[in-house]
Amino acid sequence: MAEANTGDRMEKIVSLCKRRGFIFQSSEIYGGINGFWDYGPLGTELKRNIRDYWWHTMTRQREDVAGLDATIIMHPQIWKASGHVDTFSDPMVDCKTCKGRFRADQTAEIPCPQKPSKMVSACHGEKTAPRAFNLMFQTCVGPVQDDSAIAYLRPETAQAIFAQFKNILETSRQKVPFGIAQVGKAFRNEVTPRNFTFRSREFEQMELEFFIRPDEAVEAIAGHLASAADIGQCQTALGNDQTDWGWEAWHKYWVEERIRFYESIGLPRQTLVEYWQKPEELAHYARATVDILYKFPFSKRDAQGELMGEELEGIAARSDFDLSQHQRSSGKSMTVFDEELKAAWPKLEPAKQAELKERYYQNRLQYLSKTGEAPDKAEKLAREDAEALTKGYYLPHVIEPSAGADRLALALICNAYSEDQAPDEKGKLETRVVLRFHPRIAPIKVAVFPLLKNKPELVKKAREVRDLLRPWMNVFYDEAGAIGRRYRRQDEIGTPFGVTIDFDTLGEKGPELKDTVTLRDRDTMQQERVKISELLPLLLGRIR
RNA sequence: GCGAGCGUAGCUCAGUCUGGUAGAGCGUCACCUUGCCAAGGUGAAUGUCGAGGGUUCGAAUCCCUUCGCUCGCUCCA
């Protein structure tokens with residue numbers, strides 16, 4: 001299986017996507033529009049399978065996650081509170097002399113590329129005035145288009161979860177720790193869309209905000225925090241006792257959980273990179289972030305020549321930053337009342353009480369100071385928060401696994417794409433293009449063929465089999481051309497199974513083969529003989 | 001947004017330098033053939049050569065503008 005060079009491979013994938021109806025450029029007949037992509041018939045099925053399986057795994061299969069489907073346009077204040085209005089717009093300066101681009105606030109710290117002894121702000125290059133690059137799409141709500149009407153298309157789905165946190169808490173009968181999941185479109189006016197659909201301006205996110213107790217509350221209730229060794233066992237812990245899990249345990253748990261998800265739809269661990277962001281790379285609100293990267297063909301290589309991977313998902317431990325921000329910005333309380341905490345607190349030693357209270361106070365004070373509260377006010381608020389903790393009230397912390405649906409679709413296509421050698425009818429080796437999708441996410445699950453089209457009995461029987469399977473899975477029926485050609489067409493779009501109705505099915509070779517069909521496996525091209533009556537349960541077992 | 005390269009049939013591409021009015025392979029469709037792994041037969045459709053403008057008797061070819069793609073700066077689910 002000779003691998004073409006990576007550029008080649010990516011080109012073949014892009015071309016296959018268009019040729020077979022996975023992905024088209026948006027608005028193509030008008031010349032296209034940069035950073036926007038449409039999914040064709042097969043791509044739509046693929047993406048729907050991804051979304052559905054994510055939803056299935058993250059919410060319906062769990063006791064502790066509830067769903068949300070919020071609007072794309074929300075109150076603009078949300079994006080002030082979240083920090084997107086300010087931090088999503090970096091004024092940039094271009095240097096016409098050296099062609100460099102620099103953040104306007106950093107020109108005094110970055111050396112000039114042409115004359116490194118001087119900083120950019122002091123070099124002789126001819127520079128443009130600072131220009132704002134706000135990555136949020138703006139629109140106006142209502143007929144009057146003035147500043148008061150400005151609204152934004154959401155740049156992430158997460159903020160709606162925080163904004164609706166209290167409503168969901170009160171209506172879902174969930175208690176911390178629990179999560180809120182959402183799948184939906186998000187929009188970023190990327191400077192440079194790149195790498196096929198990888199960096200698009202309109203994309204779909206699959207996000208979970210998993211709310212947990214602050215460590216101080218965990219310690220008050222459980223008496224201790226799960227140790228490093230306990231954390232090492234997280235991967236099998238669903239259903240186990242989690243009362244002593246602090247944020248590190250939950251964070252690690254979700255990293256493992258998410259990697260298992262990727263494995264379960266056919267991305268082997270060696271195609272993924274688990275990247276723990278270094279302290280200096282962390283966003284200001286994050287205590288830890290793990291990126292799950294997939295080794296795309298267009299990924300850069302490290303010094304050893306290994307693909308470094310591109311981000312599919314980020315799993316951030318965001319402390320109580322987001323709920324705090326919305327609490328301050330909206331003036332509405334975002335705290336929860338925790339009966340277990342209230343009951344546990346009076347039973348603690350006074351020294352322990354003091355220690356936990358002090359730690360909570362320090363954390364709140366640090367947050368409030370960082371966000372610019374006046375020192376005396378910050379101190380007062382932090383005292384109040386610490387006092388509330390002793391009564392069972394706190395702001396939940398959050399672990400955020402946030403994945404890109406389109407990026408995952410692209411990763412699955414890249415991962416599935418393969419070329420192998422298969423003999424044609426004369427035994428000559430031919431190149432076969434196969435998308436080795438995991439059956440769970442394959443757009444079409446099974447293709448049904450009559451061996452020959454010109455035999456009405458075969459066609460009739462094949463249509464019966466098609467109709468038998470159709471209510472249960474996506475079936476494709478094809479009677480055109482030679483049987484081998486039909487198999488190959490299905491291989492190219494990743495259909496895992498092929499069912500062929502032949503003369504044995506009609507009973508020509510005797511009663512023992514009557515009403516049996518051949519079931520052909522895409523990857524091995526092996527066939528097995530299966531009774532029609534057993535076909536449905538067999539296939540259902542293999543595609544779930 | 002800036003710099004470099006590119007844009008011809010559904011896909012991959014030839015033709016562009018040296019203007020004369022568009023081709024190949026694969027694919028698609030129909031009919032025939034078919035006895036389990038695509039390239040048997042016959043026939044068919046498809047391009048205002050990315051778009052717009054200019055030069056010219058004549059532009060896929062030269063010039064300008066614009067849109068899109070690829071790479072770099074920047075950003076990131």
Side-chain angles (χ1 to χ4, degrees), chain A residues 7-8 10-12 14-21 24-36 88-90 92-103 113 128 131-133 135 155-158 185-201 203-207 283 291-292 298 310-316 400-408 422-428 430-433 449-455 458 479-492 498 500-504 508 517-518 520 522 525-527:
Chain A
D8 252 31
M10 204 55 217
E11 272 171 37
K12 284 181 182 172
V14 173
S15 143
L16 175 67
C17 280
K18 175 159 194 197
R19 188 156 38 87
R20 290 298 178 189
F24 308 123
Q25 192 178 24
S26 166
S27 318
E28 195 190 71
I29 58 168
Y30 290 102
I33 175 166
N34 202 356
F36 298 89
F88 245 49
S89 59
D90 297 325
M92 305 293 287
V93 168
D94 290 314
C95 177
K96 291 180 179 166
T97 310
C98 72
K99 309 298 181 201
R101 163 167 289 178
F102 314 96
R103 277 174 56 169
T128 61
R131 283 178 292 188
F133 280 74
L135 295 185
E156 61 174 35
T157 58
K185 286 284 182 82
F187 304 80
R188 292 184 191 177
N189 201 356
E190 296 290 345
V191 179
T192 314
R194 198 50 61 91
N195 287 329
F196 198 25
T197 59
F198 184 78
R199 179 166 304 143
S200 301
R201 289 183 164 135
F203 57 98
E204 194 153 355
Q205 291 184 310
M206 305 182 293
E207 293 196 298
D291 292 332
I292 298 176
F298 50 78
E310 305 289 335
E311 188 174 351
L312 285 184
E313 170 160 354
I315 300 149
E400 178 194 83
S402 167
D406 308 272
R407 288 186 171 187
L408 180 51
D424 67 8
E425 56 187 350
K426 299 176 194 78
K428 198 176 119 212
E430 300 285 348
T431 298
R432 179 177 79 128
V433 173
F449 312 121
L451 183 60
L452 299 173
K453 184 171 74 167
N454 61 348
K455 300 287 187 287
L458 288 178
E479 57 182 33
I483 187 71
R485 174 186 295 259
R486 282 178 272 166
Y487 285 142
R488 296 301 167 87
R489 269 200 282 248
Q490 294 303 315
D491 290 341
E492 212 183 10
T500 300
I501 284 72
D502 60 15
F503 293 95
D504 297 352
E508 275 194 6
V517 293
T518 61
R520 180 245 193 199
R522 172 196 66 202
M525 298 194 283
Q526 297 299 305
Q527 300 186 343

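By convention in this document, chain letters (A, B, ...) are assigned in the order of the sequence lines, proteins followed by strands, and residues within each chain are numbered from 1.
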Out of [options], which has the shortest distance to the side chain of [X]?
| X | options | result |
| --- | --- | --- |
| A:R488 | B:rC37, B:rU33, B:rC36 | B:rC37 |
| A:L452 | B:rC76, B:rC37, B:rG35 | B:rG35 |
| A:Q205 | B:rC37, B:rA77, B:rU34 | B:rA77 |
| A:K453 | B:rC36, B:rG35, B:rC31 | B:rC31 |
| A:E311 | B:rC11, B:rA77, B:rC76 | B:rA77 |
| A:R407 | B:rG35, B:rC76, B:rC37 | B:rC76 |

If you measure from the [atom1] atom in [N] to the same atom in [M], how many Å do you get, rounded?
| N | M | atom1 | value |
| --- | --- | --- | --- |
| B:rG23 | B:rA14 | C1' | 7 Å |
| B:rA59 | B:rG50 | P | 15 Å |
| B:rU74 | B:rU8 | C1' | 34 Å |
| B:rU46 | B:rG41 | P | 23 Å |
| B:rU12 | B:rU55 | P | 35 Å |
| B:rC11 | B:rC69 | C1' | 16 Å |
| B:rC62 | B:rG25 | C1' | 31 Å |
| B:rA44 | B:rG7 | P | 32 Å |

Once you apply the 3.5 Å cut-off to both distances, tell me the Watson-Crick or G-U wobble partner of [N], or none.
| N | result |
| --- | --- |
| B:rA22 | none |
| B:rC2 | B:rG72 |
| B:rU66 | B:rG50 |
| B:rC37 | none |
| B:rA30 | B:rU42 |

Categorize [X] for me: base, sugar-phosphate, or nothing, with a 4.0 angstrom heavy-atom threshold over every strand shown.
| X | answer |
| --- | --- |
| A:F198 | base |
| A:E508 | base |
| A:L312 | sugar-phosphate |
| A:T518 | base |
| A:D502 | base |
| A:S15 | sugar-phosphate |
| A:Q527 | base |
| A:T157 | nothing |

Q: Assign each of A:G484 and A:E207 to its nearest nucleotide of RNA chain B by heavy atoms, then name whichever residue's nucleotide is nearer the 5' end.
A: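 Residue closer to the 5' terminus by nearest nucleotide: A:G484.
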Q.
Closest-nucleotide mapping onto RNA chain B: is A:T500 or A:A403 further toward the 5' terminus? I mean the 5' end.
A.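 Comparing both residues, the 5'-ward one is A:T500.
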Q: Indicate whether A:Y487 forms a stack on B:rA38; treat it as stacked only if centroid distance is below 5.5 angstrom and interplanar angle below 30 degrees.
A: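 No, the aromatic ring of A:Y487 does not stack with the base.
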Would you tabulate the nitrogen or oxygen pairs shorter than 3.5 Å linking the protein to nucleotides 65-71 of chain B?
from   : atom 1 : to     : atom 2 : distance (Å)
B:rC67 : O2'    : A:G31  : O      : 3.4
B:rG68 : OP1    : A:N34  : N      : 3.4
B:rG68 : O4'    : A:G31  : O      : 3.0
B:rG68 : O3'    : A:Q25  : NE2    : 3.0
B:rG68 : O2'    : A:Q25  : NE2    : 3.0
B:rC69 : OP1    : A:N34  : OD1    : 2.7
B:rC69 : OP2    : A:N34  : OD1    : 2.5
B:rC69 : OP2    : A:N34  : ND2    : 2.8
B:rU70 : OP1    : A:F196 : N      : 3.3
B:rC71 : OP1    : A:N195 : OD1    : 2.9

Dump the pairs, protein N or O against N or O of nucleotides 25-30 of chain B, anything under 3.5 Å, distances to one decimal.
from   : atom 1 : to     : atom 2 : distance (Å)
B:rU28 : OP1    : A:R489 : NH1    : 2.6

List in chain and number order the residues that pass salt bridge (Lys or Arg N to Asp or Glu O under 4.0 Å) with [X], two or more places apart in sequence or in another chain; answer none if no residue qualifies.
| X | answer |
| --- | --- |
| A:R520 | A:D491 |
| A:E400 | A:R318 |
| A:E207 | none |
| A:E204 | A:K47, A:R51 |

For the base of [N], is there a side-chain donor-acceptor partner from [X] under 3.5 Å away?
| X | N | answer |
| --- | --- | --- |
| A:E190 | B:rC76 | no |
| A:R520 | B:rC37 | yes |
| A:R188 | B:rC76 | no |

What is the distance, to the nearest angstrom, from the [atom1] atom on [X] to the [atom2] atom on [N]?
| X | N | atom1 | atom2 | answer |
| --- | --- | --- | --- | --- |
| A:E492 | B:rC11 | CD | C1' | 10 Å |
| A:K12 | B:rU12 | NZ | P | 12 Å |
| A:K455 | B:rC32 | NZ | C1' | 13 Å |
| A:E479 | B:rA38 | CD | P | 20 Å |
| A:R199 | B:rG72 | CZ | C1' | 13 Å |
| A:D491 | B:rA38 | CG | C1' | 10 Å |
| A:D291 | B:rA77 | CG | P | 7 Å |

Any donor-acceptor pair under 3.5 Å from [X] side chain to [Y] backbone:
| X | Y | result |
| --- | --- | --- |
| A:R488 | A:R432 | no |
| A:R188 | A:P155 | yes |
| A:R407 | A:E313 | no |
| A:Q205 | A:T157 | yes |

**Q.** A:S15: side chain to side chain contact (heavy atoms under 4.5 Å, CB included) partners, not counting sequence neighbours
**A.**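 Once residues adjacent in sequence are excluded, the partners of A:S15 under the side chain to side chain contact (heavy atoms under 4.5 Å, CB included) criterion are A:R19.
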**Q.** Non-neighbouring partners of A:N189 that pass side chain to side chain contact (heavy atoms under 4.5 Å, CB included), sequence neighbours left out
**A.**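 Partners of A:N189 by the side chain to side chain contact (heavy atoms under 4.5 Å, CB included) criterion, ordered by chain and then number, come out as A:F137, A:R201.
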(Q) Can you list everything that forms a ring-ring contact (aromatic ring centres under 6.0 Å, His included) with A:F198? Sequence neighbours excluded, please. (A)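 A:F198 satisfies ring-ring contact (aromatic ring centres under 6.0 Å, His included) with A:F296, A:F298 only.
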Q: Rounded to the nearest 0.5 Å, what's the gap from CG on A:D291 to CD on A:E310? Could you check?
A: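 Spacing of CG (A:D291) from CD (A:E310) equals 10.5 Å.
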Q. Tell me, do A:Q490 and A:R486 make a side-chain contact under 4.5 Å, heavy atoms counted?
A.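 No; the side chains remain at least 4.5 Å from each other.
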